[in-house]
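What you see is a predicted model, and the numbers here were worked out from it, not measured in a lab. Side chains are part of it too, since the values below use all heavy atoms of this structure and drop only hydrogens, waters and symmetry mates.
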Amino acid sequence: MAANGSTGSATEPPGLETQWREIDSLNQQQLRAGDSWYLLDKRWFDRWKEFVHTGDQNSTSYPGKIDNTPLYEDLDSYHLKERLSENEDFILVPAEAWHKLLSWYDMMKDQPPLERKVVDLPSTVKVEVYPVEIYLCLSSNLESTVPASFSRADKIHAIHQKIRQHFDVSETAESRLWMRSTDSSLERLRNLNMTVLDSCLSSGMTVIMEIRNADGTWPTTRPQIMRNSADEDSYRGLPGVCGLTNLGNTCFMNSALQCLSNTPPLTEYFLRNSYLEELNFSNPLGMKGEIAEAYADVIKQMWSGRHYSVVPRAFKTKVGHFASQFLGYQQHDSQELLSFLLDGLHEDLNRVKKKEYIELRDADGRPDQEVAEEAWRNHLRRNDSVIVDTFHGLFKSTLVCPECNKVSVTFDPFCYLSVPLPVSKERVMEVFYVSLDPTAKPTQYRLIVPKAGRVSDLCAALSQATDVPPNQMAVADVFNHRFYRIYQADESLSCILDRDDIFVYQLSSGCVDQDGEEVVMAVYMRERSHYRDYGSGSNSYGTSLFGHPLLMSVPRAQCTREDLYQLLLKRLARYVRPLDPSEEVEEEEEEDDEEELYKAQTNGVSDDEGEEDSEEAGPSKKEEETQEGNQAEEQNNCQSEASPSSEGEERAEEEESSSEPDRGSSTEEGQSACGSTDTNSQDTTDGDQSAGAEPSGKEDEDEDEEDEEEAASCAQANKRLPGRRRYTERRKKALFTIQAVNSNGTTERGMGEADGSFSFSSQPYVAIDWDPDMKKKYYNENEAEKYIKHQSMDVPHQQTTVQLQECIELFTTVETLEEENPWYCPTCKKHQLATKKLDLWSLPEVLIIHLKRFSYTKYSREKLDTIVEFPLRDLDFSGFLLKKTVNSTEPPCRYDLIAVSNHYGGLRDGHYTSYARNKDNGQWYYFDDSKVTYAREEQIVTSAAYLLFYQRQDKIRQPTVPPPAPSSTQPENHVSSQTLDGVDGASSCVSMETD
């Protein structure tokens with residue numbers, strides 16, 4: 001009988017036995033992932049099975065149309081009941097069996113077929129009875145959701161297409177998907193080729209489609225854009241002419257991004273959304289597509305034409321996540337960032353999903369063309385991306401063993417050329433020369449010295465200009481009014497940086513030996529405070545350094561207070577006014593206890609002050625600083641001021657009975673020591689803190705002897721003290737006092753001998769201590785700071801200029817491998833210092849040339865400020881290529897400049913900017929973080945050029961937008977002239993909201 005039904009006409013079924021045989025055979029097939037199986041109500045299937053086994057076509061047991069009503073929760077939504085069991089509530093039949101039964105018996109009206117997919121789960125393959133039921137919506141209207149069911153084997157792309165169809169989203173609109181499990185938990189669905197199961201989507205979740213804004217941003221993570229206008233949508237500018245906010249020392253990143261942004265083939269690739277189809281989420285060497293997506297977001301914002309400046313915070317965060325060296329806000333190298341970014345983009349967009357192992361072969365005498373083609377094919381078998389298409393070239397590497405002359409030839413790909421700069425063997429140094437003539441001002445000289453020379457070479461060069469023998473010169477680095485370092489003649493000049501303030505002092509005689517008759521003394525200028533420092537537990541007077549220090553050779557016999565005072569008066573005569581005869585003798589006055597205590601002070605600094613001064617001369621200037629001579633040399637004998645002979649006369653008056661003329665001084669020391677023991681203990685502590693070492697100890701018997709001497713001296717002093725306070729005196733006034741100090745000029749040391757002379761076991765340092773009132777009256781600060789410039793300073797410093805072609809020639813020059821990087825010779829079976837030569841074989845569409853301005857060796861570090869003359873147009877590489885082009889109709893391998901990354905400053909600080917040519921109008925622009933200005937072609941070639949971007953001429957498209965008129969106005973926040981920050985900083989970082 002014909003089984004007609006409401007859903008259509010059924011075909012004439014075969015015999016009952018044939019029906020059973022066909023369906024039973026189909027039901028025996030194995031489950032295969034991706035196949036479709038159908039649910040049948042178990043009761044209907046049982047009736048059908050009874051019908052085909054016992055009845056005939058006219059039997060009353062005929063099952064009728066396929067009816068799955070018992071499986072549905074209701075007949076409105078046809079939603080499947082929960083917790084149904086196979087072989088109890090339903091059976092599963094393969095697609096072919098279902099279609100046969102449907103054609104024989106038809107199906108109840110409006111009932112949908114219950115098709116289910118076979119999914120390959122981690123532990124088994126099974127039919128997915130209950131698919132994932134999720135909700136779909138747009139980010140612009142999260143309340144309007146629609147339910148949808150998807151198999152766990154379906155791709156995310158199917159969900160993407162379902163949302164587009166249901167919400168009528170244009171195919172050209174760029175979108176991305178998010179899955180939401182709770183109200184606050186959102187996660188990106190990046191890989192559209194991933195299955196629902198692998199994406200961890202489960203029933204009840206919501207998938208949200210987000211559509212990119214016209215300005216290149218995304219609605220849910222819209223960054224704060226720097227604008228002058230309150231209406232953020234009012235600005236319409238030229239795409240690509242957009243600054244990047246400095247987030248804090250991120251100018252290196254901004255410079256590299258601007259250069260890449262103005263590389264036409266790469267930017268057009270991202271603007272066309274071509275990257276979406278090539279994101280590689282499975283590459284273990286990549287970043288799961290996240291770097292490519294973060295870069296695409298920045299490019300789309302910059303080229304939307306709706307921003308003055310973009311905040312690349314999300315990109316910076318992503319870079320730091322995958323490259324920890326870029327975490328934080330330290331200064332970095334733009335070339336290092338560029339290298340990481342190009343490699344990251346390549347791996348994220350690598351079209352090779354599974355890299356195969358390839359064994360590299362040596363040339364072994366084969367023709368270069370054959371070996372090069374093989375090397376390039378092997379490279380593409382593992383690396384195939386837009387980065388390879390745009391930036392990768394091939395060079396030939398030739399190694400020759402010096403012992404067996406084995407020649408090894410390989411062809412290796414490159415992403416950029418790092419070319420060396422010709423290094424000059426000479427160096428220009430500027431020094432200040434301080435003559436022995438006290439009336440002569442310091443003279444600034446510009447000298448040419450060997451770059452690998454020593455301090456003696458510097459002295460020899462200065463000797464030619466001054467006619468002073470080199471052995472009568474002492475060279476020192478002055479920093480913060482003190483000697484940071486006093487150089488020996490055999491020290492390398494590489495220790496001296498260009499920014500150091502180098503002073504060369506003329507000595508009265510040469511070859512000063514440590515145990516000779518003369519000693520080189522370092523003299524500091526200190527000003528004593530009006531007030532004592534009671535905060536540290538002592539009542540000493542604080543001091544601060546000022547002026548320029550001195551180095552002078554002094555006969556050891558004249559290292560007494562009186563002799564030093566007279567020597568220093570002569571040496572400082574140019575800017576220290578001597579006392580008039582009328583001022584030499586003070587009025588009679590009776591000293592009170594307060595004045596006596598003031599004199600007894602050793603002019604030391606308190607513990608806190610000592611620490612602060614030590615820190616000023618510490619590693620804040622130079623990391624490798626080692627404090628010299630900063631060991632406390634406190635003696636157990638008493639301390640006192642190093643004053644001139646006026647106090648000696650005063651004491652002589654008090655002790656006329658004494659037969660020794662200097663006994664008064666010795667006794668004064670005893671009074672100071674006994675009357676201010678806190679000062680001694682404070683100075684010792686200060687010395688420990690400042691120098692970081694304990695005072696040198698002595699033998700027990702020496703200590704006992706000194707203790708006895710000190711006790712006797714203190715007893716005598718205490719005996720005389722009451723009488724001294726009762727006397728009035730007439731004494732000579734002193735301009736300053738002299739105090740032995742450490743190398744930092746802070747911690748005071750023992751005076752030495754009992755006769756008032758100084759005793760030094762190492763480099764002597766003394767300080768001239770000025771009372772503030774005396775300094776103001778007798779010390780001429782303006783005169784002390786004056787200096788004159790030698791005629792050598794008037795000669796303009798000629799910067800070295802080289803041609804870019806010279807750098808490329810140097811790149812292809814034969815060199816010998818260093819000991820740290822030998823080559824293993826397969827013939828000699830050992831490592832050899834082979835000769836190596838690099839030659840260019842093929843060049844990419846966009847050639848990046850890295851000028852190696854930063855030079856690092858075991859002995860020195862420097863930045864080369866050589867001006868490299870590079871052409872803006874028609875850079876011809878045909879003379880450097882081993883592979884010759886066959887087609888001669890066009891000039892081979894000619895390149896035009898499209899971008900430059902600049903670095904201003906030195907090794908430790910600096911600032912990055914960039915020049916770039918806009919691909920749409922052909923105009924050059926200068927990018928300085930968030931500031932963008934027009935640039936003229938004659939401005940581009942500078943000594944700051946660091947990275948050069950060239951594009952092959954046959955790939956350059958003509959501008960599609962006319963260049964701006966010279967008088968065209970610029971946006972208000974775009975400066976009209978170039979403004980350069982000397983060092984990098986976060987001054988331009990105005991908007992710092994989290995993206």
Side-chain angles (χ1 to χ4, degrees), residues 429-446 462 465-466 468 473-484 486 499-507 521-531 541-552 564-584 603 605 609 612-613 616-617 621 643-644 733-739 741 744-746 765-794 982:
M429 295 186 66
E430 295 180 2
V431 300
F432 292 92
Y433 173 70
V434 182
S435 170
L436 271 178
D437 183 1
T439 63
K441 298 182 181 70
T443 305
Q444 188 179 22
Y445 287 86
R446 179 174 288 159
L462 184 58
T466 60
V468 176
M473 295 181 182
V475 181
D477 180 359
V478 176
F479 171 71
N480 203 17
H481 313 296
R482 57 170 62 90
F483 290 118
Y484 171 76
I486 299 176
R499 67 178 183 177
D500 293 341
D501 291 326
I502 303 301
F503 282 70
V504 181
Y505 299 87
Q506 182 185 0
L507 305 178
M521 182 174 292
V523 182
Y524 293 152
M525 308 287 261
R526 299 198 306 185
E527 181 177 2
R528 188 168 51 194
S529 171
H530 274 298
Y531 306 101
Y541 286 85
T543 58
S544 60
L545 294 171
F546 70 94
H548 295 299
L550 289 173
L551 276 179
M552 51 190 292
L564 281 179
Y565 183 81
Q566 297 301 328
L567 285 174
L568 291 171
L569 273 181
K570 294 178 182 178
R571 189 62 187 266
L572 306 177
R574 182 171 62 87
Y575 46 88
V576 173
R577 181 173 69 84
L579 289 166
D580 294 335
S582 61
E583 299 173 309
E584 288 186 353
N603 302 326
V605 295
E609 290 169 337
E612 291 174 5
D613 287 344
E616 283 181 11
K621 179 192 177 192
S643 59
K733 180 187 295 184
L735 290 178
F736 49 77
T737 60
I738 305 172
Q739 177 64 45
V741 295
N744 282 335
T746 55
Y765 292 85
V766 298
I768 298 175
D769 285 351
W770 288 83
D771 179 82
D773 294 332
M774 299 292 285
K775 173 176 175 284
K776 184 176 182 181
K777 187 174 181 181
Y778 295 98
Y779 184 89
N780 189 336
E781 291 193 57
N782 291 333
E783 182 64 28
E785 295 296 324
K786 289 182 179 178
Y787 69 98
I788 59 177
K789 289 189 176 183
H790 186 259
Q791 59 185 8
S792 61
M793 297 295 298
D794 297 330

*When rounded to the nearest 0.5 angstrom, what is the spacing between CD in E785 and CG in N780?*
10.5 Å
*Under 30°, 30 to 60°, or over 60°: which ring-plane class applies to Y524 and F483, parallel, tilted or perpendicular?*
tilted
*asked:* Do P549 and V478 make a side-chain contact, defined as non-hydrogen atoms from C-beta onward lying under 4.5 Å apart?
replied: yes
*Side chains of L579 and Y778: does their closest heavy-atom pair fall under 4.5 Å?*
yes
*Please report the closest heavy-atom contact between S435 and Q506, naming both atoms and the distance.*
OG-OE1, 3.3 Å
*Please name the pair of heavy atoms, one in Y445 and one in T466, separated by the smallest distance, quoted to 0.1 Å.*
OH-CG2, 3.5 Å
*Using the side chain to side chain contact (heavy atoms under 4.5 Å, CB included) rule, take T543 and Q739 through it: C-alpha gap first, then chi angles, then the decisive distance, then the call.*
CA-CA 12 Å; T543 58; Q739 177 64 45; over 6 Å; no
*Hey, are the side chains of H548 and V434 touching, using non-hydrogen atoms and a 4.5 Å cut-off?*
no
_Please determine whether side chain to side chain contact (heavy atoms under 4.5 Å, CB included) holds for the pair M793 and E430, giving the CA-CA distance in whole Å, both sets of side-chain angles, and the decisive distance to 0.1 Å._
CA-CA 8 Å; M793 297 295 298; E430 295 180 2; 3.7 Å; yes
*Report yes if the side chains of L568 and V576 come closer than 4.5 Å at any heavy-atom pair, otherwise no.*
no
*asked:* Please check: side-chain N/O of E783 versus main-chain N/O of Y575, any donor-acceptor pairing under 3.5 Å?
replied: no
*In Å and rounded to the nearest 0.5 Å, what is the CZ to CG distance from F503 to L551?*
11.0 Å
*On the 0 to 90° scale, with breaks at 30° and 60°, tag the Y565-F736 ring pair as parallel, tilted or perpendicular.*
tilted
_Working note: R446 + K789, criterion side chain to side chain contact (heavy atoms under 4.5 Å, CB included); need CA distance, chi angles, decisive distance, verdict._
CA-CA 9 Å; R446 179 174 288 159; K789 289 189 176 183; over 6 Å; no
_With rounding to the nearest 0.5 angstrom, report the OH to CH2 distance, Y779 to W770._
8.0 Å
_Any side-chain heavy-atom pair of P438 and R574 under 4.5 Å_ = no
*Interatomic spacing from CG in L567 to CG in L572 - rounded to 0.5 Å*: 10.5 Å
*T746 and R526: which non-hydrogen atoms are nearest, and at how many Å?*
O-NH1, 3.6 Å
_Heavy-atom check, side chain of I502 versus side chain of D477, under 4.5 Å_ = yes
*Do H790 and Y433 have side chains that get closer than 4.5 Å, going by heavy atoms?*
no
*Can you name the nearest heavy-atom pair linking A767 to V741, along with the distance?*
CB-CG1, 3.7 Å
_Return the CE to CE distance between M552 and M521, rounded to the nearest 0.5 Å._
7.5 Å
*Given the rule in the side chain to side chain contact (heavy atoms under 4.5 Å, CB included) test, do R571 and L436 qualify, once you have shown the distances and angles that lead to the verdict?*
CA-CA 8 Å; R571 189 62 187 266; L436 271 178; 4.0 Å; yes
*How long is the gap from CG on L735 to NZ on K777, to the nearest 0.5 Å?*
10.0 Å
*Report yes if some heavy atom in the side chain of R482 is under 4.5 Å from a heavy atom in the side chain of N744; otherwise report no.*
yes
